[in-house]
Amino acid sequence: MRYDHRAVEAKWRQVWEERGDHEPDLDAAEDPFFNLMMFPYPSAEGLHVGNVYAFTGADIYGRFQRMCGRDVFEPMGFDAFGIHSENFAIKIGDHPKTLIRRNVENFRENQLKRIGARFDWAHQVNTTEPEYYKWTQWVFIQMFRQGLAFRKKAAVNWCPDCMTVLADEQVISDRCERCDELVEQRELEQWFFRITDYAEKLHQNLEWIDWSDITKTAQRNWIGRSEGALLRFEIDGREEHLEVFTTRPDTVFGATYMVMAPEHPLVDEITAEDKRQEVGEYRAKARAATQEERTAEDRPKTGVDIGAYCINPANGERIPIWIADYVLWGYGTGAIMAVPAHDERDFAFAKTFGLPIREVISPDGEEHDLEEAYIGQGVMIHSGQFDGMPSEVGKKAVTEHLAEKELAEPRVEYRLRDWCVSRQRYWGPPIPMIHCGQCGVLPVPEKELPVLLPELEDFTPDDSGRPPLARAEDWVKVTCPGCGGDARRDTDVSDNFLCSAFYFLRYPSVGMDDRAWDPERTRKWLPVDMYIGGNEHACLHLMYTRFVVMALHDAGLLPFEEPFVKFRAHGLLTKDGAKMSKSKGNVVNPDDFLESTGADTLRLYLMFCGPFQQGGDWRDEGIAGMRRYVERLYNLVMDDEVVDAPVEGELERAMHAAIKKVGEDLAELRYNTAIAATMELLNAIRDADTTPKQAVETLLKLIAPIAPFVTEELWHELGNEGTIHDGPWPEYDESKLVTDTVEIPIQVKGKLRGTVAVPTEATEDEVMAAAREIPSVQSQIEGKEIRKVIFLPGKLMNIVV
RNA sequence: GCCCAGGUGGUGGAACGGCAGACACAGGGGACUUAAAAUCCCCUGACCUUCGGGUCGUGCGGGUUCGAAUCCCGCCCUGGGCACCA
């Protein structure tokens with residue numbers, strides 16, 4: 001009989017929806033399990049197969065938890081603000097509002113509802129609806145109240161094509177992540193969130209949160225924690241001093257010059273008269289250069305001696321101060337002590353300008369002519385009282401010694417920068433702040449939220465740096481909540497990543513318009529039990545989210561400080577070994593396959609392509625095989641005589657083995673091998689003389705999380721009521737897994753020479769006797785002395801001659 | 001340059017100290033059919049073979065072990081992240 005997936009899937013979609021199978025009672029649930037996946041951006045092109053891949057993998061996990069008895073909440077939403085929609089709307093001459101409504105409708109009704117996921121549509125969010133972004137604005141205000149939102153005039157990344165400010169993370173090797181245009185630096189007043197206040201906690205908690213290692217590693221790199229010391233160098237003949245951060249205080253005796261970043265404010269004050277012109281020119285040049293130019297690889301070192309001197313606190317030596325653009329303003333103190341003997345960059349600089357190079361760390365205690373910087377550990381030399389000390393010990397010893405004279409203190413630095421959250425664009429939540437000439441900057445009173453995004457005919461950005469919202473003059477004028485005088489609204493919108501930094505907090509409380517999240521519901525459902533998404537968000541979305549939750553926790557608004565107890569990064573789905581991309585024209589359209597082979601087949605095939613956490617490779621030919629599998633399963637129930645007979649013998653063993661294997665694999669997201677195991681069980685059932693109902697029902701349950709429609713259909717076909725998807729998950733009996741006889745491989749000197757079938761409990765002597773019967777074993781041991789026998793009962797014998 | 005993740009048949013991938021290639025795809029042969037499709041059965045790492053079997057084989061080179069795809073050391077290649085971060 002031919003399997004009609006269209007009719008079957010439509011039928012169960014309707015039944016599940018009408019019955020509310022996917023909508024747990026959020027207040028009454030006894031064993032809550034919050035199964036979260038990264039909500040999509042609803043593009044005009046429609047749902048990408050990569051989304052289906054990610055959602056299916058996450059949904060299987062949720063369905064498995066449900067069958068294991070948990071009350072699973074699996075919501076879905078739309079991350080629809082941002083530059084993408086805005087640019088696309090401008091391109092097609094439409095308004096983002098109507099565009100997004102259309103896209104969301106298409107995503108939800110035509111695509112997401114068809115992929116067989118147990119989404120709770122009663123609790124969806126759309127970040128562009130006022131009832132949602134009211135809370136985005138509210139969160140902004142909470143951050144402000146915590147002292148974590150501040151304004152700073154800063155050199156920011158400006159994309160001349162998108163005509164907006166970009167976060168550091170949105171700049172990939174000096175180009176705009178979205179449009180690939182070369183990014184410029186512009187001085188603008190911006191809103192920042194002080195994520196650096198949480199650098200240590202963000203780093204620390206990585207120790208215990210249960211996340212994919214690749215994601216944790218990416219976050220560690222991004223935070224860039226490094227331990228060292230702050231050293232203080234007096235400036236010769238002046239009151240001021242220069243502070244530097246170093247991870248190698250043990251090399252301080254080798255500091256032969258100092259370097260300040262060109263932007264360092266102290267440069268102006270201490271530059272010698274006769275150097276002013278040269279220094280001024282160098283600083284102007286550095287300012288004009290793009291990040292690309294400044295950081296290009298193997299670029300020759302440049303710099304200028306500013307004619308001032310520092311006193312090395314370790315040996316009292318008078319050393320010159322330079323400025324050079326290889327020292328970055330914005331990391332550490334923006335100044336360094338240069339130790340050319342033990343730092344590659346300082347070495348190159350010293351060579352270029354003929355500055356002295358003094359070896360102070362020696363790998364063997366001897367002196368060397370250095371061809372290159374020695375950056376390893378060793379013994380301290382030319383270091384006064386520290387001579388002979390191992391450099392690892394010296395780090396601490398030097399710091400402590402200088403600390404006594406208040407010239408040093410231990411210090412931890414981070415690479416992480418504060419989060420620029422303002423955007424000079426239209427399509428985002430207006431930043432809920434008011435600028436008053438009398439009162440300064442203050443938040444919009446919470447009862448006046450949301451600050452609605454004004455309807456603008458012309459919302460295109462221009463090159464002035466003046467945001468589109470500034471043109472809505474009536475909207476901008478506002479009464480100051482502080483003094484009642486005339487004031488102006490902030491005309492920036494907030495970064496998209498703020499919308500997605502708390503959406504999961506909102507899901508359980510959707511519909512409550514008087515609170516961001518209900519304390520009861522939140523205590524019950526959060527933190528999220530499992531979060532699945534792409535690792536490309538490791539440094540952006542996932543980092544910002546952790547930060548926002550920590551800040552809300554410290555504000556007393558959340559009872560936990562980590563949002564996701566467990567996070568797993570899924571892999572990338574490729575096509576014929578290559579990355580899918582529109583330009584290559586090798587993008588798989590999931591709609592085609594949902595229509596032609598159905599959701600079950602698509603889900604099975606996607607998950608069969610490879611290990612979910614590593615990714616997989618899609619081949620069009622492959623999916624036909626999966627369709628055949630679904631049909632074999634269907635025909636097993638429809639055509640075969642399914643009988644009420646006991647499950648016995650080999651089939652019984654196979655069934656228990658499959659339950660064990662599939663259960664373990666699903667829990668570890670190893671869906672490809674779980675599917676293979678169900679295939680083996682199906683083959684075992686077909687090989688058996690009869691088709692026992694219990695074996696078939698077990699098989700259906702094992703596949704149910706992956707192929708929800710056909711298993712539900714066949715479950716009822718076998719006369720069952722209710723739904724297969726509420727479980728219970730079948731149990732296996734360990735004792736059924738052992739067989740009476742086993743095939744034991746016989747090796748001679750580690751090479752396989754044959755197998756013997758013996759009782760499971762056979763002793764070494766019995767196995768040896770059987771092994772001697774095998775001709776190929778005989779020929780290998782004939783006339784040789786048996787030196788040793790490795791025997792693992794029931795598993796293996798290795799004869800060493 | 002540094003840090004991760006990988007490299008296994010024609011292909012996707014299994015196995016993660018103990019029979020390499022589970023499960024599939026593709027290919028070949030057969031059954032059924034007037035024929036084809038569908039379905040079902042068999043074969044399918046390479047080389048040699050007296051058809052019993054033998055030799056080689058998991059990116060490359062070493063090592064540990066009775067035994068290594070798996071552990072260790074040194075390379076090469078692919079993908080991802082960070083990168084003048086002191």
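Just so it is clear, the model here is predicted, and its values are computed rather than measured. Throughout, protein chains are lettered first and strands after them, A, B, ... in sequence-line order, and every chain is numbered starting at 1.
Considering only side-chain N and O atoms, K751(A) lies nowhere under 4.0 angstrom from the phosphate OP1 or OP2 of C19(B). The side chain of K216(A) places no N or O atom within less than 4.0 Å of a non-bridging phosphate oxygen (OP1 or OP2) of G81(B). The side chain of R628(A) contributes no N or O atom lying less than 4.0 Å from OP1 or OP2 of A24(B). Contact annotation: N672(A) reaches the phosphate of A14(B) (side-chain N/O to OP1 or OP2, under 4.0 Å). One finds a side-chain N or O of K788(A) lying less than 4.0 angstrom from the OP1 or OP2 phosphate oxygen of C66(B). R753(A) has no side-chain polar atom (N or O) that falls below the 4.0 Å cut-off from OP1 or OP2 of G67(B). Contact annotation: N683(A) does not reach the phosphate of C41(B) (side-chain N/O to OP1 or OP2, under 4.0 Å). Residue T673(A) places no side-chain N or O under 4.0 Å from the OP1 or OP2 atom of A22(B). An OP1 or OP2 oxygen of A38(B) is reached within less than 4.0 angstrom by no side-chain nitrogen or oxygen of R2(A).
Comparing C4(B) with G10(B), their P atoms are spaced 32 Å from each other, to the whole Å. G59(B) and U49(B) have their C1' atoms separated by 31 Å, with the value rounded to a whole Å. Separating the P atom of A38(B) from that of A22(B) is a span of 24 Å, rounded to the nearest Å. C3(B) sits 29 Å from G9(B) when the P atoms are compared, rounded to a whole Å. Taking the P atom of each, U58(B) and A20(B) are spaced 12 Å apart, rounded to whole Å. Taking the C1' atoms as reference points, U39(B) lies 9 Å from C32(B), given to the whole Å. Comparing the P positions of G18(B) and G12(B) gives a spacing of 24 Å, expressed to the nearest Å. Look at the P atom in both U65(B) and C60(B): the space between them is 23 Å, to the nearest Å.
To the nearest 0.5 Å, the span separating CZ on F791(A) from CD1 on I799(A) amounts to 11.0 Å. Here the straight-line distance linking atom CG of D665(A) with atom CG of N672(A) works out to 8.0 Å at 0.5 Å rounding. Rounded to the nearest 0.5 angstrom, T247(A) OG1 and R411(A) CZ are separated by 14.0 Å. In this structure, CE in M258(A) is found 4.5 Å from CG in L242(A), a value given to the nearest 0.5 Å. To the nearest 0.5 Å, atoms NZ (K216(A)) and CD (E207(A)) are separated by 7.5 Å.
Closest approach to the S776(A) side chain among C23(B), G53(B), A86(B) is made by G53(B) (side chain taken as heavy atoms from C-beta onward). For Q614(A), the side-chain atoms get nearest to G6(B) when compared with the rest of C84(B), G6(B), C82(B). Side-chain proximity of N221(A) to the nucleotides C82(B), C66(B), C56(B) is greatest for C82(B). If you check C66(B), C19(B), C84(B) against the side chain of T755(A), the one that comes closest is C19(B). Closest to the L752(A) side chain, of the nucleotides C19(B), A24(B), C84(B), is C19(B). The side chain of E680(A) lies closest to A22(B), out of C66(B), G13(B), A22(B). Of the candidate nucleotides A86(B), A5(B), C23(B), C23(B) has the atom lying nearest to any side-chain atom of A676(A). Closest to the side chain of L796(A), out of G18(B), A86(B), G12(B), is G18(B). Comparing U11(B), C4(B), C66(B) against the side chain of T217(A) picks out C4(B) as the nearest. Closest to the R415(A) side chain, of the nucleotides C19(B), C82(B), U55(B), is C82(B).
Base-pair partner of G6(B): C77(B) (Watson-Crick or G-U wobble, both distances under 3.5 Å). In this structure, C71(B) and G63(B) make a Watson-Crick or G-U wobble pair, each of the two defining distances being under 3.5 angstrom. The pairing partner recorded for G17(B) is none, the criterion being a Watson-Crick or G-U wobble arrangement whose two distances lie under 3.5 angstrom. The base-pairing partner of C40(B), taking Watson-Crick or G-U wobble contacts with both distances under 3.5 Å, is G30(B). A24(B): Watson-Crick or G-U partner is U11(B), with both key distances under 3.5 Å. Checking G1(B) for Watson-Crick or G-U wobble geometry (two distances, each under 3.5 Å) identifies C82(B) as its partner. Under the Watson-Crick or G-U wobble criterion, with both distances below 3.5 Å, G45(B) is paired with C56(B).
If you check every strand for non-hydrogen atoms under 4.0 Å, G625(A) touches sugar and phosphate atoms only. Residue-level contact check: D617(A) touches the backbone only, with heavy atoms under 4.0 Å from sugar-phosphate atoms and none from bases. Contact annotation for L792(A): base contact, defined as any heavy-atom pair under 4.0 Å involving a base atom. Counting any heavy atom pair closer than 4.0 Å across all strands shown, S226(A) reaches sugar-phosphate atoms only and no base atom. R670(A) comes within 4.0 angstrom of no nucleic acid atom, judged by non-hydrogen atoms across all strands. Nucleic acid contact for R632(A): sugar-phosphate only, since backbone atoms but no base atoms lie under 4.0 Å from a heavy atom of the residue.
The distance from atom CZ of F608(A) to atom C1' of A14(B) is 10 Å, rounded to the nearest whole Å. Between the CG atom of L702(A) and the P atom of C23(B) there is a distance of 17 Å, given to the nearest Å. In this structure, Y671(A) atom OH and A22(B) atom C1' are separated by 21 Å, rounded to whole Å. As a whole-Å value, the separation of N535(A) CG from C3(B) P is 19 Å. Note: CZ (R225(A)) to P (C82(B)) measures 21 Å, nearest angstrom. What separates NZ of K575(A) from C1' of G12(B) is a distance of 14 Å, to the nearest Å.
Comment: E409(A) does not engage R232(A) in a salt bridge, judged by the lack of any side-chain N to carboxylate O separation of less than 4.0 angstrom.
Screening T711(A), L604(A), I703(A), T597(A) for a side chain to side chain contact (heavy atoms under 4.5 Å, CB included) involving V630(A) leaves a single residue, L604(A).
Residue whose closest nucleotide on RNA chain B sits further toward the 5' end, between P611(A) and Q780(A): P611(A). With the nearest nucleotide of RNA chain B identified for both A218(A) and G334(A), A218(A) has the one nearer the 5' end.
Glycosidic conformation of G10(B) is anti; the angle lies outside 90° of 0. G52(B) takes the syn form, because its glycosidic angle lies no more than 90° either side of 0.
If you look at F593(A) and W618(A), their ring centroids are closer than 6.0 Å.
When only modelled atom types and interatomic distance are considered, T56(A) and Y671(A) share no side-chain donor-acceptor pair under 3.5 Å. Between the side chains of E243(A) and T333(A), no donor-acceptor pair is found at a separation under 3.5 Å.
With hydrogens and angles ignored, no donor-acceptor pair closer than 3.5 Å exists between the side chain of E344(A) and the base of G1(B).
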